[in-house]
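To start, the structure itself, in structure tokens.
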Amino acid sequence: MNTRQEILNGLGRTSEPWDVLVIGGGATGLGAAVEAASRGYRTLLVERFDFAKGTSSRSTKLVHGGVRYLAQLNITLVSDALRERGHMLRNAPHLVHDQQFVVPAYSYASLPYYGFGLKVYEWLSGKLSLGRSEMLSARATAAKLPGIRHEGLRGGILYHDGQFDDSRYAIALLRTLQDLGGTAINYLEATGILESNGKINGIRARDAETGEVLELRAKSVINACGVFVEDLLSINRQRPGELVAVSQGTHFVLPHSFMPGSTALMIPKTADGRVLFAIPWHGATIVGTTDESVDSPSVEPRAMKSERDFLLDHIGKYFGRRPEPGEVLSMWSGLRPLVKKGDAKTSKLSRDHTILVAPSGLITVTGGKWTTYRRMGFDTVNRACEVANLPKAPSRTLDLKLHGWTADLAGGPYAWENVYGSDLPAIRALSSGNPSLDKPLHPRLPFRMREVVWAARYEMARTVEDVLARRTRALFLDARAAIEAAPQVAALLATELKRDATWRERQIAEFCALARGYICSEC
Ligand SMILES: Cc1cc2nc3c(=O)[nH]c(=O)nc-3n(C[C@H](O)[C@H](O)[C@H](O)COP(=O)(O)OP(=O)(O)OC[C@H]3O[C@@H](n4cnc5c(N)ncnc54)[C@H](O)[C@@H]3O)c2cc1C
């Protein structure tokens with residue numbers, strides 16, 4: 001595999017235009033790039049920070065149709081997403097699995113209502129259903145969800161949905177893109193648009209590591225910058241009016257003991273009309289999310305007081321106790337890029353995607369969900385073919401197995417190391433010649449030192465944050481443990497990337513400053 005420097009040198013030497021150039025390395029951009037490369041187009045993706053640094057590492061980790069959108073009667077979105085869910089599970093069984101959910105009912109009247117709704121949800125998934133939904137007695141509900149408040153429980157409804165690891169899925173898309181002959185590079189920011197006769201024919205990009213500026217020519221350019229798509233439209237001197245409404249969602253991570261067992265909790269409607277999930281994930285419990293409108297996007301959104309209060313109050317209400325100080329292991333926020341519609345509240349906005357072609361030919365794609373990333377890529381590349389008059393080629397992504405695909409999940413469905421799929425033997429082999437790499441990164445985390453080496457050599461990790469936030473999920477699972485692991489990670493990375501002590505110290509300081517924002521000091 002080429003190193004980042006080799007990729008960069010290759011970009012500098014290439015004068016032949018790319019067929020498809022994608023800006024933004026989140027779910028949307030990676031999905032479009034895989035779609036393009038799998039059709040045989042020469043494809044390049046540039047990401048200004050790290051792959052999945054934005055919203056795509058901060059989701060609720062659900063691969064779902066969205067029970068909430070069914071209640072809003074958005075049947076097309078739900079059934080399309082359920083179809084995508086089925087294919088994500090088939091194409092990446094190492095990253096997506098079936099998760100049992102239970103909706104507890106505290107009134108007899110709600111049982112048939114939610115029971116019917118979840119039956120419809122199951123029917124809509126057709127042959128790609130993950131399992132039957134069923135009514136549970138109060139006793140069976142309490143047994144499935146031992147952590148929740150049992151007084152007043154009248155029963156529950158069990159249903160199935162998909163769960164995944166979002167940033168690991170993004171890395172699998174990156175590796176799939178590379179397997180298909182596509183090129184992707186992180187820490188390369190699109191800073192300008194190249195045009196000829198008013199038509200876009202490339203971008204200007206700046207390497208964040210060296211400051212070098214490159215001119216990259218392309219027949220079609222896709223803007224997949226998430227909540228930042230409008231910045232690129234402004235660079236292109238196009239403002240289509242406001243396109244994106246930004247909505248923030250925050251999650252808490254609690255110890256597994258807070259919600260023992262392997263079943264997830266779903267509250268379809270809290271007192272203020274929101275959906276609340278508590279989901280087992282890599283040995284902890286994720287609780288979320290919120291939906292707060294935000295005026296302007298930021299790269300590192302921080303939880304608002306109103307969000308922290310909402311989560312603490314609802315944990316208290318449904319679990320019968322609020323978390324003790326220190327029990328909130330991590331707290332993260334993400335920004336949804338939603339397609340704006342008048343002054344509608346963000347919680348009421350559709351999760352459909354939209355594609356806009358500017359007079360210059362710049363193609364912008366936004367909205368959607370992680371679960372619909374493939375469909376978004378498919379639609380966007382179809383538009384790119386029209387705009388750039390690329391030779392027609394059929395799509396293959398519906399059944400394309402992603403990098404790491406394996407039917408053999410040796411560690412059982414929930415073991416962390418499954419995320420590496422068929423790469424796992426090669427990762428384990430790293431420590432057979434060097435047993436110190438077998439050591440855990442931290443006693444409270446499921447990651448080992450060899451994963452840092454793997455991330456640097458084969459997954460384009462460049463910083464301590466890349467490793468602790470997105471190649472492993474340390475920052476998202478336990479921010480304090482991630483801070484304690486940072487010096488070890490910095491030392492391993494410095495060896496791999498041939499960096500000096502100054503770089504190492506700066507990396508540790510920068511990561512610790514960032515990670516402190518994931519600690520809820522008022523909880
Ligand atoms: C709280 C929350 C929970 C969610 N939960 C779920 C869920 O459970 N299931 C689900 O299906 N969906 C979920 N979603 C939605 C899903 O996460 C998003 O739809 C998806 O991640 C958006 O991906 P994206 O690629 O469009 O944006 P992003 O992931 O933000 O990617 C955009 C990328 O563009 C890069 N970029 C920006 N400007 C430039 C530039 N000039 N040059 C180069 N790169 C640039 C950014 O750095 C960023 O990496 C959730 C969203 C939120 C906020």
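Bear in mind that the values here come from a model prediction, so they are computed numbers and not experimental data. One-based numbering along the sequence shown. Every number for a ligand or one of its atoms is a count from 1 in the order of the listing.
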Could you tell me which atoms of ligand 1, counted from 1 in the order shown, lie closer than 4.0 angstrom to a heavy atom of T289?
1 (C)
Regarding ligand 1, does G334 bring an N or O atom to under 3.5 Å of one of the ligand's N or O atoms?
no
In this structure, atom 20 (C) of ligand 1 is nearest to the protein heavy atom S56 OG, 3.8 Å
Tell me yes or no: between the side chains of S56 and D166, is some donor less than 3.5 Å from an acceptor?
no
Measure the distance from atom 38 (N) of ligand 1 to every protein heavy atom, then report the residue, atom name and distance (to 0.1 Å) of the closest one.
R48 NE, 3.3 Å
Do F164 and S59 touch side chain to side chain, with heavy atoms closer than 4.5 Å?
yes
Got a second to check how far Q248's CD is from E307's CD, nearest 0.5 Å?
4.5 Å
Could you tell me whether R383 and D379 make a salt bridge, using a distance below 4.0 angstrom between a side-chain N and a carboxylate O?
no
Just to be sure I'm reading this right: ignoring hydrogens, which of T60, T191, L30, D166 gets closest to atom 5 (N) of ligand 1? Compare them by their nearest heavy atoms.
T60
For G249, the ligand 1 atoms with a heavy-atom partner under 4.0 Å come out as 1 (C)
Judging by distance only, is a nitrogen or oxygen of L188 under 3.5 angstrom from one on ligand 1?
no
Give the atom numbers and elements of ligand 1 that come within less than 4.0 Å of a heavy atom of F49.
47 (O)
Qualifying residue for side chain to side chain donor-acceptor pair (under 3.5 Å) with D161, from R85, Q99, Q100
R85
Does ligand 1 have a heavy atom under 4.0 Å from the side chain of A224, from its backbone, from both, or from neither?
backbone
With a 6.0 Å cut-off on ring centres, are W370 and Y169 close enough?
yes
The closest protein heavy-atom partner of atom 25 (O) of ligand 1 is T28 N, 3.0 Å
Contact region, H251 to ligand 1, non-hydrogen atoms below 4.0 Å, reads side chain
Is the closest side-chain donor-acceptor distance between R39 and N382 under 3.5 Å?
yes
What residue and atom, counting heavy atoms only, is the protein's closest point to atom 18 (C) of ligand 1, and at what distance?
T55 CG2, 3.9 Å
Say whether W370, considering both its backbone and side-chain N or O atoms, lies within less than 3.5 Å of an N or O atom on ligand 1.
yes
Going by an N to O cut-off under 4.0 Å, is there a salt bridge joining E84 and K369?
no
Heavy atoms only: which of I286, T250, I185, I23 is nearest to atom 40 (C) of ligand 1?
I23
So which bit of L335 gets within less than 4.0 Å of ligand 1, heavy atoms only: side chain, backbone, both or neither?
backbone
Out of P337, A190, C225, the nearest non-hydrogen contact to atom 42 (N) of ligand 1 is supplied by A190
